Amino acid sequence: MELALAPYDDFLLDTWDRAEIYRFFRPYQDPFFQVTAPLRITGAKKRCAERKDSFFLYYLFHSLKVVQQETAFCLRFDPDHSDRLRRYKFVHAGCTIAQEDGTFRFGVFPFHEDEAAFMEAGKEQLAKPAGQGLSPNDARSDMVFYSVLPWLSFTGFKNAHHHIEMDHFPRMVTGKPYQQGKDWYMPLSIEVHHALADGRHVASVFNGLQEILGMH
């Protein structure tokens, strides 16, 4: 069954304290900026090992929960009104999934309030056979794009872009976890459209996620 579009409310620019910033960055040819930092994951790594849960799905679930609380990450351009935005009540995850032959495909992980239900649906998505094709879901706007680079603990990352008019998706990329002292960390790169979000919004998502994943 096709995934229904997430519910949203109209978001009027005239009532937004960032309206001037939005209009400044909206016409930029390359309006995205990216921040990469180490994310402490000690608590999550321990919990997932004890429960034999997928750390990837656990991270994805809590990432979507944190994103849901940050308005800037749930704002999207309205395709029918150039001076209006949509504020989605939640968003789904579109993520790369590694294949055994070294290639990858895209998978959709629908948001669910219940962690167990999300994890179960996520396992089904991961278990789908190869040959699903590359379908990044650019046509729908209720998405956050995720990717994983499990071979490197990188310190910087650059995403590929179409540079199309309606590319407004936040992108979150994680790298290879590493241990430092008693704690575990994972590189996290967050990229956002500057018309929709600033550094403080990126920091809010990063800190909110670290508060959940880093707890001992």
Side-chain angles (χ1 to χ4, degrees), residues 3 5-6 21-22 24-39 55-57 59-61 63-64 66-67 70 72-79 82 85-86 88 91-111 122 125-126 128-178 185-199 201-203 205-206 209:
L3 180 63
L5 191 71
I21 299 174
Y22 167 83
F24 180 82
F25 284 108
R26 181 68 175 90
Y28 268 42
Q29 184 177 0
D30 185 6
F32 287 88
F33 76 92
Q34 200 158 24
V35 177
T36 302
L39 181 73
F55 174 81
F56 165 72
L57 292 176
Y59 152 75
L60 207 58
F61 171 76
S63 175
L64 289 175
V66 170
V67 163
E70 179 52 68
F73 275 63
C74 296
L75 291 176
R76 302 292 185 269
F77 303 145
D78 190 318
S82 61
L85 300 172
R86 293 177 176 180
Y88 283 95
V91 287
H92 306 296
C95 188
T96 57
I97 300 174
Q99 303 293 280
E100 290 185 1
D101 63 359
T103 63
F104 65 89
R105 65 177 175 87
F106 291 114
V108 175
F109 297 81
F111 174 77
Q125 175 61 253
L126 292 175
K128 286 185 177 181
Q132 298 292 312
L134 296 176
S135 178
N137 291 279
D138 287 344
R140 58 185 304 150
S141 57
D142 58 342
M143 304 285 290
V144 172
F145 289 161
Y146 290 82
S147 191
V148 182
L149 193 65
W151 311 279
L152 290 173
S153 298
F154 57 78
T155 57
F157 192 91
K158 183 182 183 303
N159 285 293
H161 285 273
H162 287 304
H163 290 292
I164 57 176
E165 177 69 14
M166 294 299 290
D167 187 351
H168 44 190
F169 303 99
R171 290 167 167 85
M172 300 176 67
V173 184
T174 55
K176 181 180 179 180
Y178 60 93
Y185 295 86
M186 177 176 68
L188 172 63
S189 172
I190 300 180
E191 183 181 61
V192 290
H193 195 300
H194 212 344
L196 301 177
D198 300 319
H201 304 116
V202 173
V205 168
F206 181 91
L209 189 53

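All figures in this text were calculated on a predicted structure; none of them were measured in a lab.
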Indicate, with yes or no, if the rings of Phe25 and Phe33 have centres closer together than 6.0 Å. no
If I compare all heavy atoms of Ser141 with all of Arg86, which pair ends up nearest, and what's the gap? OG-NH1, 4.0 Å
Is the backbone of Arg140 close enough, under 3.5 Å, to the side chain of Arg76 for a donor and an acceptor to pair up by distance? no
Which heavy-atom pair separates Lys176 from Pro187 by the least distance, and what is that distance? O-CD, 3.3 Å
Verdict with reasoning, Tyr22 to Leu196, per side chain to side chain contact (heavy atoms under 4.5 Å, CB included): CA-CA 6 Å; Tyr22 167 83; Leu196 301 177; 4.1 Å; yes
Given the options Phe169, Phe77, Phe145, His193 meets ring-ring contact (aromatic ring centres under 6.0 Å, His included) only with Phe77
Is a side-chain donor or acceptor of Ser189 paired with a backbone partner of Thr36 at a separation under 3.5 angstrom? no
Can you tell me how far apart CZ (Arg171) and CZ (Phe157) are? Round to the nearest 0.5 Å. 10.5 Å
Are any side-chain N or O atoms of Glu191 and backbone N or O atoms of Lys158, one a donor and one an acceptor, separated by less than 3.5 Å? no
Check: Tyr28 ring centroid to His194 ring centroid under 6.0 Å: no
Step by step, work out the side chain to side chain contact (heavy atoms under 4.5 Å, CB included) result for Lys128 and Ile97. CA-CA 10 Å; Lys128 286 185 177 181; Ile97 300 174; over 6 Å; no
Minimum-distance pair of heavy atoms, taken over all atoms of Phe111 and His92: N-ND1, 2.9 Å
